[in-house]
Asks: 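Quick one: structure below, then a few questions.
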Amino acid sequence: MANNNPDDHIKSVRHSLAHLLAATVTELYPGAKNSIGPAVENGFYQDFETPNPISDEELPKIEAAMREKLKTWQNFTRKEVSPDEARKVFDWNPYKLELIDDFAKEDKQITLYTSGTFVDLCRGGHVENASEINPKAFKLTAVSGAYWRGDQTKQQLQRIYGVAFETEDELKKYLQMMEEAKKRDHRKLGQELDLFVISDIVGSGLPLFTPRGTVLREELGRYTQEIRSKRGFERVWTPNIAKTDLYKASGHWDKFGDELFLVKSQETNDEFVLRPMNCPHHIQIYASQPRSYKQLPIKYMENAGDFRDEKTGELHGLSRVRSMTQDDSHAFVREDQIGQVASEVVDAAQEMYSQLDMKLKFRLSFRDDGDGYLGDMALWQRAQGMIEDLAKENKLDYFIAEGEAAFYGPKIDFMATDALGREWQVATVQIDFVLPQRFELEYSTADGGVAQPVMVHCALLGTIERFLSVYIEHTGGKFPIWNAPEQIRLATVNQEYQTNEFADKILAQAKELGLRVNLDNSNESVGKKIRNAELMKVPFTVVIGEKEIETGELMPRIRKDLEVNEKHEPHTVEEFLKSVANDAKSRVSKTSL
RNA sequence: GCCACCUUAGCUCAGUUGGUUAGAGCAUCGGUUUUGUAAACCGAGGGUCGUCGGUUCGAAUCCGACAGGUGGCUCCA
């Protein structure tokens with residue numbers, strides 16, 4: 001199918017390569033059966049049942065065979081067939097037979113595509129001629145397992161992934177981007193910059209934060225609270241466990257029972273749950289007193305530890321953990337306040353992410369027809385309508401995703417784009433009519449009656465751990481002054497008494513200003529000390545020796561990515577420290593030095 | 001949990017087809033040096049080769065189980 005849209009063309013190239021891969025593998029591995037093979041972002045894949053597992057060492061061999069075969073291919077020819085004809089062609093392939101049965105049931109026209117000697121069941125979307133595929137612009141990248149039709153209970157197939165582009169150059173660029181992503185991998189930087197560790201004996205998915213990593217956590221945690229504090233949220237503190245009854249009442253027990261960590265009291269035999277989320281706790285604070293319409297909205301926030309027993313195969317650095325910290329907040333509002341409160345938190349998120357130098361997109365996550373959602377349809381529709389109105393009013397860059405809702409209500413999910421152009425789900429705002437109902441929350445109305453509040457859940461960072469994984473990769477570990485674990489490194493030239501005395505004085509002054517500063521007075525060369533500070537990506541390194549002692553002026557060395565006005569001016573100790581302290585306080589990422 | 005692959009010193013990695021006391025760089029420690037903007041010099045310590053079991057005269061190397069990790073799948077309130 002000829003197409004002038006370049007996006008569609010590369011898709012056809014990728015899809016055609018999936019055919020080529022299927023043709024090559026079924027030939028190279030007798031008995032191999034291909035199932036499906038679509039074009040995906042940046043490339044394609046094809047699933048196979050194979051007599052023996054294929055290992056990634058075999059990919060180059062397959063790739064070479066693909067290039068050979070490509071030479072023999074010309075047109076993709078299309079043929080419409082009846083289900084029975086198709087069954088005859090694929091009598092050897094149970095996956096295709098299953099698909100044919102499904103298509104027959106749906107009364108779909110069945111089409112076969114032939115290229116070279118390879119026939120596949122396919123609805124189309126190929127290049128017209130195989131010569132449109134650049135043999136130097138694709139590469140097989142990985143082999144993995146994938147369930148037939150994405151169903152865990154079904155046969156697991158071998159999936160071979162490839163990437164493909166129009167030109168060799170684009171492929172090269174893509175591979176370079178992947179290299180850069182590897183360099184910035186938060187697990188790698190987490191170790192190199194000494195931010196967090198994961199200990200086997202503590203357990204997988206349970207990251208331990210070092211002093212440096214803890215600074216980051218706490219600076220971000222403080223920021224997310226400050227930004228909401230300005231908007232009337234009050235801090236609360238609640239414990240990490242609660243009786244199972246709380247989660248039975250909230251519905252979390254049924255919804256994801258096997259992901260809950262259970263804790264048993266040896267005294268009373270009572271069962272507790274390590275909390276997977278904080279809403280029920282906050283609800284109990286709301287419910288502890290009679291509330292009046294005059295008090296609403298009541299807004300609580302807490303950077304709260306949560307625990308979820310994720311399956312081990314799903315754990316990944318800081319982005320998927322078993323112990324996490326949500327910068328959670330819950331507003332209990334009257335129905336007429338939903339819009340106002342929700343747009344407040346949307347506004348908060350926008351302020352925050354612009355400060356963090358990340359672009360935001362908004363996904364309106366609505367329910368689909370499936371079950372597993374609590375609350376009646378009318379409530380859902382009302383809430384979803386409100387969310388969409390809100391997105392329109394705030395002129396958000398949004399799209400709607402059905403089936404992405406929480407079980408208790410629809411949400412706005414915030415997708416942040418990082419420095420490498422990758423999108424991550426971070427913040428979320430959720431409107432919830434269900435939990436207030438389950439916990440029978442109420443407030444007295446102006447006319448002496450009672451009404452049910454609505455809950456607005458919101459986490460700006462999402463979880464601090466997951467956000468850190470994104471943020472570390474976004475910044476590449478070059479943190480801005482305000483949250484840099486170490487802001488200033490003092491490097492002495494020698495170990496003379498006067499040098500140390502002067503350095504100690506600066507150190508004390510800096511600490512007085514609340515700066516995070518370290519002194520390196522080890523017996524190393526100045527070059528080595530600079531290098532070490534540079535490797536740790538410390539924003540300012542200050543060499544201290546005779547010159548500085550004499551003049552009382554410092555010549556700070558500034559990390560390259562920080563924008564400065566007057567780089568090489570000497571500054572008095574006081575000027576320098578105050579300016580760094582100001583930049584940290586106002587959370588600027590460039591510096592006024 | 002499932003599929004493939006991986007696990008050698010604190011870190012990054014060598015270690016030939018199974019064959020004596022398992023190596024290097026960085027880091028650490030000791031000494032010399034007292035240093036001016038990205039790596040001073042010399043020396044030392046550090047490993048039950050992830051764990052347990054098996055095959056073998058002999059295992060870091062081959063096989064199995066378990067643990068941890070990587071890439072996916074499934075899941076993701």
Side-chain angles (χ1 to χ4, degrees), chain A residues 45 47-48 50 52-59 141-161 182 185 187-188 191-192 194 197-205 247 250-252 254-256 258-260 275-279 306 308-317 319-321 326 328 365 372-374 404-409 411 425 428 430 432 434-435 457 459 462-463 466 489 491-496 499 521-536 541-548 555-558 560 568:
Chain A
Y45 68 80
D47 287 348
F48 299 93
T50 54
N52 295 304
I54 295 175
S55 94
D56 43 10
E57 280 156 35
E58 298 167 62
L59 293 180
T141 51
V143 49
S144 75
Y147 299 104
W148 169 233
R149 310 207 112 173
D151 184 338
Q152 224 180 139
T153 62
K154 292 193 171 145
Q155 165 102 18
Q156 185 152 29
L157 306 171
Q158 295 252 298
R159 175 169 297 179
I160 298 180
Y161 281 93
K182 229 190 226 170
D185 189 314
R187 293 162 301 182
K188 187 165 175 279
Q191 186 191 72
E192 287 171 4
D194 189 23
V197 293
I198 292 172
S199 145
D200 284 2
I201 197 168
V202 172
S204 59
Y247 299 100
S250 69
H252 295 112
D254 286 336
K255 176 69 184 176
F256 44 107
D258 62 344
E259 270 189 51
L260 298 175
R275 66 171 165 195
M277 46 165 31
N278 321 300
C279 338
D306 292 323
R308 297 174 190 180
D309 193 5
E310 304 282 354
K311 291 180 217 154
T312 54
E314 290 162 357
L315 300 171
H316 179 92
S319 56
R320 210 51 198 281
V321 292
Q326 287 196 67
D328 211 357
S365 300
Y373 298 103
L374 299 182
E404 291 289 335
F407 71 87
Y408 49 73
K411 0 177 233 176
Q425 193 203 313
T428 171
Q430 309 174 358
D432 175 7
V434 172
L435 283 177
H457 307 244
T463 75
R466 185 181 155 77
R489 174 81 59 99
T492 54
V493 170
N494 56 38
Q495 297 182 302
E496 308 287 337
T499 314
N521 59 0
S522 61
N523 183 7
E524 293 284 356
S525 65
V526 173
K528 181 65 164 285
K529 293 183 187 182
I530 301 264
R531 178 182 150 83
N532 286 341
E534 200 85 33
L535 287 174
M536 294 307 277
T541 308
V542 183
V543 174
I544 292 169
E546 241 172 274
K547 235 188 316 185
E548 286 71 23
M555 184 79 93
R557 187 188 161 97
I558 300 159
K560 282 189 211 91
H568 298 296

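Order of the sequence lines fixes the chain letters, A, B, ..., with proteins taken first and strands second; residue numbering starts at 1 for each chain.
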Asks: Check this for me, if you would: do A:Arg149 and A:Asp151 make a salt bridge, where the nitrogen-to-carboxylate-oxygen distance has to be below 4.0 angstrom?
Replies: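 A salt bridge is absent here (no side-chain N lies under 4.0 Å from a carboxylate O).
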
Asks: What stems involve RNA chain B, if each pair must be Watson-Crick or G-U and both of its distances must be under 3.5 Å, with 3 or more such pairs in a row?
Replies: B:1-7 with B:67-73, B:10-13 with B:23-26, B:28-32 with B:40-44, B:50-54 with B:62-66

Asks: Is A:Val493 close to A:Glu548 at the side-chain level, that is, under 4.5 Å between some pair of heavy atoms?
Replies: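 Of all side-chain heavy-atom pairs linking A:Val493 with A:Glu548, none is under 4.5 Å.
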
Asks: Could you tell me whether the side chain of A:Gln191 and the main chain of A:Lys188 form a donor-acceptor pair under 3.5 Å?
Replies: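 Side chain of A:Gln191 to backbone of A:Lys188: no pair is present.
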
Asks: Can you tell me how far P of B:rU33 sits from CG of A:Asn521, to the nearest Å?
Replies: 19 Å

Asks: Closest-nucleotide mapping onto RNA chain B: is A:Arg308 or A:Ile54 further toward the 5' terminus? I mean the 5' end.
Replies: A:Ile54

Asks: Where along nucleotides 34-47 of chain B does protein come under 4.0 Å, by heavy atom, of base (B) or sugar-phosphate alone (S), with - for untouched nucleotides?
Replies: BBBBBBS-------

Asks: If you assign A:Gly317 and A:Gln425 each to the RNA chain B nucleotide with the nearest heavy atom, which residue ends up on the more 5' nucleotide?
Replies: A:Gly317

Asks: Can you tell me how far P of B:rC73 sits from NE2 of A:His316, to the nearest Å?
Replies: 12 Å

Asks: Rounded to the nearest Å, what distance is computed from the CD atom of residue A:Gln155 to the C1' atom of nucleotide B:rC3?
Replies: 11 Å

Asks: Expressed as a whole number of Å, how far does the C1' atom of B:rG43 sit from that of B:rC49?
Replies: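 So the two C1' atoms sit 27 Å from each other.
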
Asks: Please determine if A:Arg557 and A:Glu534 form a salt bridge, counting it only when a charged side-chain N lies under 4.0 Å from a carboxylate O.
Replies: yes

Asks: May I have the distance from A:Lys182 (atom NZ) to B:rG71 (atom P), rounded to whole angstrom?
Replies: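 After rounding, the gap between these two atoms is 10 Å.
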
Asks: Classify the nucleic acid contact of A:Glu310 as base, sugar-phosphate or nothing, counting any heavy atom under 4.0 Å across all strands shown.
Replies: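 A:Glu310: no heavy atom of the nucleic acid under 4.0 Å.
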
Asks: Over all strands shown, is A:Arg466 touching base, sugar-phosphate only, or nothing at heavy-atom distances under 4.0 angstrom?
Replies: nothing

Asks: Quantified in whole Å, what is the C1' atom distance between nucleotide B:rC11 and nucleotide B:rC52?
Replies: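 Each nucleotide's C1' atom is 27 Å from the other's.
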
Asks: Using the P atom on both, measure B:rU7 against B:rC29 and round to a whole Å.
Replies: 30 Å

Asks: B:rG19 and B:rG15: how far apart are their C1' atoms, nearest whole angstrom?
Replies: 14 Å

Asks: Starting at CG of A:Asp200 and ending at P of B:rC52, how long is that distance when rounded to a whole Å?
Replies: 15 Å

Asks: Distance between the P atoms of B:rU17 and B:rC76, in whole angstroms?
Replies: 47 Å

Asks: Measure OH/A:Tyr161 against C1'/B:rU70 and give the value in whole Å, please.
Replies: 15 Å

Asks: Mind checking the P distance from B:rG45 to B:rG10? Whole angstroms is fine.
Replies: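 Straight-line distance between the two P atoms is 16 Å.
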
Asks: Is the shortest side-chain heavy-atom distance between A:Gln326 and A:Asn278 below 4.5 Å?
Replies: yes

Asks: May I ask you to verify whether the side chain of A:Arg320 and the base of B:rC76 hold a donor-acceptor pair under 3.5 Å?
Replies: yes

Asks: Could you check how far CD1 of A:Ile201 sits from P of B:rG50, rounded to whole Å?
Replies: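 Result: 18 Å.
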
Asks: Rounding to a whole Å, what distance do you find between A:Leu59:CG and B:rG72:P?
Replies: 14 Å

Asks: Please test A:Asp432 against A:His457 for side chain to side chain donor-acceptor pair (under 3.5 Å), starting from the C-alpha separation and ending with a verdict.
Replies: CA-CA 7 Å; A:Asp432 175 7; A:His457 307 244; 2.8 Å; yes

Asks: Quick one, A:Tyr247 and A:Arg275 - any side-chain contact, counting heavy atoms below 4.5 Å?
Replies: yes

Asks: Ignoring hydrogens and geometry beyond distance, is the side chain of A:Tyr147 in donor-acceptor contact with the base of B:rG1 at under 3.5 Å?
Replies: yes

Asks: So do A:Gln495 and A:Asn523 actually touch side chain to side chain, heavy atoms under 4.5 Å?
Replies: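 In contact.
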
Asks: For a 4.5 angstrom cut-off between non-hydrogen side-chain atoms, does A:Leu315 reach A:Ser204?
Replies: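 They are in contact (side-chain heavy atoms under 4.5 Å apart), so the answer is yes.
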
Asks: Give me the distance, rounded to whole Å, that separates B:rU51 from B:rC73 when you measure between the P atoms they each carry.
Replies: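 After rounding to an integer number of Å, I get 32 Å for this pair.
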
Asks: Quick one, A:Ile160 and A:Leu59 - any side-chain contact, counting heavy atoms below 4.5 Å?
Replies: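 Yes; the side chains approach each other to less than 4.5 Å.
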
Asks: Distance between the P atoms of B:rG31 and B:rG47, in whole angstroms?
Replies: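 So the two P atoms sit 23 Å from each other.
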
Asks: Does B:rC73 have OP1 or OP2 under 4.0 Å away from a side-chain N or O of A:Gln158?
Replies: no

Asks: Going by heavy atoms in the side chains, are A:Lys529 and A:Thr492 under 4.5 Å from each other?
Replies: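 A:Lys529 vs A:Thr492: side chains touch.
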
